[in-house]
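Right, one structure below, let's go through it.
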Amino acid sequence: MAKSEIQYVCQSCGTAFTKWAGKCGACDAWNTLVEETVSAAPGGLKAMPTSARGKVEFVALDDASEAPPRHQIGVEELDRVFGGGLVPSSATLIGGDPGIGKSTLLLQVAARLARNGLNVVYVSGEEAAAQIQERAVRLKVAGSPVQLATETDLRKVLTALKAAKPDFVVIDSVQTMWSDSLEAAPGSVSQVRACAQELTRWAKKSDAALVLVGHVTKEGQIAGPRVVEHMVDSVFYFEGERGHQFRILRAVKNRFGPTDEIGIFEMHQYGLAPAKEPSALFLTADGDVEGGASVFAAMEGSRPVLAEVQALVAASSYGTPRRSVVGWDSNRLAMLLAVLEARCGVTLAGRDVYLTVAGGYRITEPAGDLAAAAALLSSLTDSPPPKRAIYFGEVALSGAVRPVARMEARLKEAARLGFEVAFVPEGSSATNAGLTLKPIQRLNDLVAYLAPDVQND
Ligand code: TYD
Ligand code: MG
């Protein structure tokens with residue numbers, strides 16, 4: 001009989017301990033150890049007898065057999081993020097907050113692939129068949145030959161999959177699946193790990209492109225994150241603000257494509273549709289900004305995106321002034337304020353500083369520094385910034401403004417959207433794409449342009 005033993009498994013990183021503790025010794029998370037009973041595999045990890053060992057075949061690096069054709073979804077916005085379509089015999093994890101639209105997206109993808117003639121299976125452990133059928137009617141895909149199942153028992157799901165031999169499978173979600181070989185509760189790290197592993201192993205042996213849906217925990221990670229992310233070939237996050245229409249599909253790991261591409265969608269009454277003018281999604285309707293704001297020409301992979309940065313500098317009524325950011329890194333704000341103060345003589349002590357990126361967009365590039373500085377200076381001086389201007393450039397601690405990647409593409413998109421002036425790092429070899437370029441060598445130059453009166457030295 002298989003021996004059962006009790007383990008305490010960290011629900012954040014998946015490390016198992018023999019004793020309970022308040023803090024995980026591996027990832028330092030508090031109160032994450034949960035008692036789980038594991039049935040040891042009979043025989044354990046004994047060495048295989050020589051006769052049972054398979055022969056390992058070595059191949060040359062250039063001996064690649066022809067890559068199998070990808071399953072193109074036929075939506076450019078999706079295919080680009082996946083690196084040209086879904087790959088057979090692969091496992092993909094799509095994570096996101098509950099209610100963000102994962103099930104909607106995958107039902108739409110499943111329906112498209114089924115209509116393209118693929119054998120498609122959608123397994124839901126969360127919703128009843130009637131609920132999914134109702135959604136299919138709403139999405140106008142009810143006529144697609146998708147095979148729907150509602151089941152949470154992993155063994156039954158695998159048996160059904162082996163019989164159905166599908167080309168594309170959605171498991172919605174991996175947290176609802178449970179394996180009877182473990183006594184741990186469904187949704188626990190042990191169960192998520194075991195189920196993801198079994199399903200991934202099956203996908204690799206079959207021809208199926210498997211998509212696992214994963215919920216994200218409060219800390220913003222897929223439950224049992226590291227364990228599942230290592231197992232699968234690709235990890236994508238589906239993000240967005242509940243209050244806003246748009247959703248972003250972002251690659252975090254992709255064995256078959258780039259990881260810096262994003263797909264931008266809008267959630268409508270009848271499901272998700274690719275955003276019409278994605279690069280202008282985070283701008284106000286006329287593309288012009290008021291005082292205290294600026295437009296950052298960002299890049300998301302190969303796609304330029306223009307985003308409005310808003311700042312508010314106000315007299316503080318607190319001993320320690322407030323510094324608050326939404327959609328940007330607070331450490332970068334602190335750095336930028338220090339450089340403005342130390343290198344440009346702009347005093348911000350005793351003032352609260354708020355910085356927000358419009359539309360729920362998140363700036364991750366250091367290239368956003370110059371736009372943030374422009375918004376801050378405009379708010380500080382209470383003067384409107386130059387009309388129809390964009391900014392990009394990384395600010396160094398020395399106050400120097402450094403060139404950034406893909407300046408040409410940023411300028412071209414800005415010109416296309418009707419911008420006229422671009423504040424860019426000096427020495428950028430990019431052609432101006434029809435914009436008036438204002439080369440900025442040091443942050444001081446920007447201050448001299450936008451706020452000549454605030455320098456106190
Ligand atoms: P859902 O796909 O169920 O999210 P998840 O699987 O990530 O939990 O989508 C949930 C939200 O999307 C729900 O609040 C309603 C909204 N929605 C629309 O706005 N339009 C639609 O056509 C559909 C199907 C859902
Ligand atoms: Mg769902």
Side-chain angles (χ1 to χ4, degrees), residues 73 75 77-78 81-82 91-115 120-144 146-152 154 157 168-178 186-187 191-192 195-196 199 210-225 228-229 232 234-252 262-276 278 281 359-360:
I73 301 157
V75 177
E77 207 60 26
L78 279 171
V81 179
F82 288 128
T92 300
L93 177 68
I94 295 192
D97 287 326
I100 209 70
K102 301 180 295 296
S103 303
T104 307
L105 177 76
L106 288 167
L107 188 58
Q108 284 182 286
V109 169
R112 265 190 168 265
L113 290 175
R115 238 177 301 144
V120 174
V121 169
Y122 189 109
V123 181
S124 177
E126 299 201 331
E127 292 162 297
Q131 259 176 303
I132 301 163
Q133 284 156 345
E134 196 184 322
R135 179 180 297 138
V137 170
R138 183 165 163 188
L139 300 174
K140 301 199 166 63
V141 297
S144 293
V146 174
Q147 303 176 73
L148 180 64
T150 49
E151 184 55 65
T152 55
L154 181 73
V157 170
F168 178 67
V169 182
V170 177
I171 302 287
D172 188 4
S173 64
V174 65
Q175 274 104 347
T176 55
M177 295 294 136
W178 62 276
Q191 281 286 3
V192 171
C195 294
L199 287 161
L210 168 75
V211 172
L212 302 172
V213 174
H215 287 300
V216 165
T217 61
K218 277 200 284 311
E219 291 76 36
Q221 289 178 315
I222 295 171
V228 181
E229 290 191 1
V232 294
S234 315
V235 179
F236 298 89
Y237 275 86
F238 201 45
E239 351 168 295
E241 298 282 315
R242 284 283 181 89
H244 288 96
Q245 264 198 334
F246 70 86
R247 302 281 183 270
I248 295 178
L249 185 67
R250 193 185 288 280
V252 180
I262 61 167
I264 307 182
F265 302 87
E266 285 175 78
M267 179 65 100
H268 294 295
Q269 214 176 335
Y270 305 108
L272 288 151
K276 276 199 202 73
L281 214 56

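Atoms within a ligand are numbered from 1 in the order they appear, just like the ligands themselves.
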Note to self: Let's go through Tyr122 and Ile171 carefully: what are the C-alpha distance in whole Å and the side-chain angles of both, what is the deciding distance for side chain to side chain contact (heavy atoms under 4.5 Å, CB included) to 0.1 Å, and is it a yes or a no?
What the structure shows: CA-CA 6 Å; Tyr122 189 109; Ile171 302 287; over 6 Å; no
Check: Considering only the protein, which heavy-atom contact is closest to atom 19 (O) of ligand 1, and what is its distance?
Finding: Met267 CG, 3.4 Å
Check: For atom 4 (O) of ligand 1, what's the nearest protein heavy atom and its distance?
Finding: Gly101 N, 3.1 Å
Check: Of the backbone atoms (N, CA, C, O) and the side-chain heavy atoms from C-beta on, which set of Lys102 has a member under 4.0 Å from an atom of ligand 1: side chain, backbone, both, or neither?
Finding: both
Item checked: Gln269, any N or O under 3.5 Å of ligand 1 N or O -> yes
Next item on the list: Test Asp172 against Ser124 for side-chain hydrogen bond (donor to acceptor under 3.5 Å, both in side chains), laying out the working first.
Entry: CA-CA 5 Å; Asp172 188 4; Ser124 177; 4.9 Å; no
Next item on the list: Determine whether the side chain, the backbone, both or neither of Phe238 has a heavy atom under 4.0 Å from any heavy atom of ligand 1.
Entry: neither
Check: In terms of residue, atom name and distance, what is the protein heavy atom nearest to atom 15 (C) of ligand 1?
Finding: Arg138 NH2, 4.6 Å
Notebook entry, point to check: Does His215 have a non-hydrogen atom less than 4.0 Å from ligand 1?
Noted result: no
Item checked: ligand 1 atoms in contact with Pro98 (distance to a heavy atom under 4.0 Å) -> 8 (O)
Notebook entry, point to check: Is the shortest N/O to N/O distance between Gly271 and ligand 1 below 3.5 Å?
Noted result: yes
Next item on the list: Without swapping roles, check the side chain of Glu77 against the backbone of Pro274 for a donor-acceptor pair under 3.5 Å.
Entry: no
Note to self: Could you tell me, atom by atom, which parts of ligand 1 come under 4.0 Å of a heavy atom of Ser103?
What the structure shows: 2 (O), 5 (P), 6 (O)
Checklist line | Distance, nearest 0.5 Å, that separates CZ of Phe82 from CD1 of Ile73 | finding: 5.0 Å
Check: What distance do Phe238 atom CZ and Thr104 atom OG1 have between them, rounded to the nearest 0.5 Å?
Finding: 8.0 Å
Check: Are Glu239 and Arg247 close enough for a salt bridge, meaning some N to O gap below 4.0 Å?
Finding: no
Next item on the list: Could you tell me which atoms of ligand 1, counted from 1 in the order shown, lie closer than 4.0 angstrom to a heavy atom of Tyr270?
Entry: 22 (O)
Check: Do other residues, nucleotides or ligands put more than 12 heavy atoms under 6.0 Å from the CD atom of Gln131?
Finding: yes
Next item on the list: Enumerate the atoms of ligand 1 whose separation from the nearest heavy atom of His268 is less than 4.0 angstrom.
Entry: 18 (C), 19 (O), 20 (N), 21 (C), 22 (O)
Check: Out of Thr104, Leu139, Leu105, who gets a non-hydrogen atom closest to atom 1 (P) of ligand 1?
Finding: Thr104
Notebook entry, point to check: Does some non-hydrogen atom of Asp97 fall short of 4.0 Å from ligand 1?
Noted result: yes
Note to self: I need the nearest protein heavy-atom contact for atom 3 (O) of ligand 1: residue, atom name and distance, please.
What the structure shows: Arg135 NH2, 3.1 Å
Check: Under 4.0 angstrom from atom 23 (C) of ligand 1, is there any protein heavy atom?
Finding: yes
Notebook entry, point to check: Looking at atom 13 (C) of ligand 1, what's its closest protein heavy atom, distance included?
Noted result: Gly99 O, 4.5 Å
Next item on the list: Using modelled atom types only, decide if a donor and an acceptor are shared between the side chain of Lys102 and the backbone of Gly96 within a distance under 3.5 Å.
Entry: yes
Notebook entry, point to check: Does Ser124 put an N, O or S atom under 2.8 Å from the Mg ion (ligand 2)?
Noted result: no
Next item on the list: Run the salt-bridge test on Glu127 and Arg135 with the 4.0 Å N-O cut-off and return the result as yes or no.
Entry: yes
Item checked: Polar side-chain atom of Glu126 near backbone of Thr176 as donor-acceptor pair, under 3.5 Å -> no
Item checked: Distance, nearest 0.5 Å, that separates CZ of Phe236 from OG1 of Thr92 -> 6.0 Å
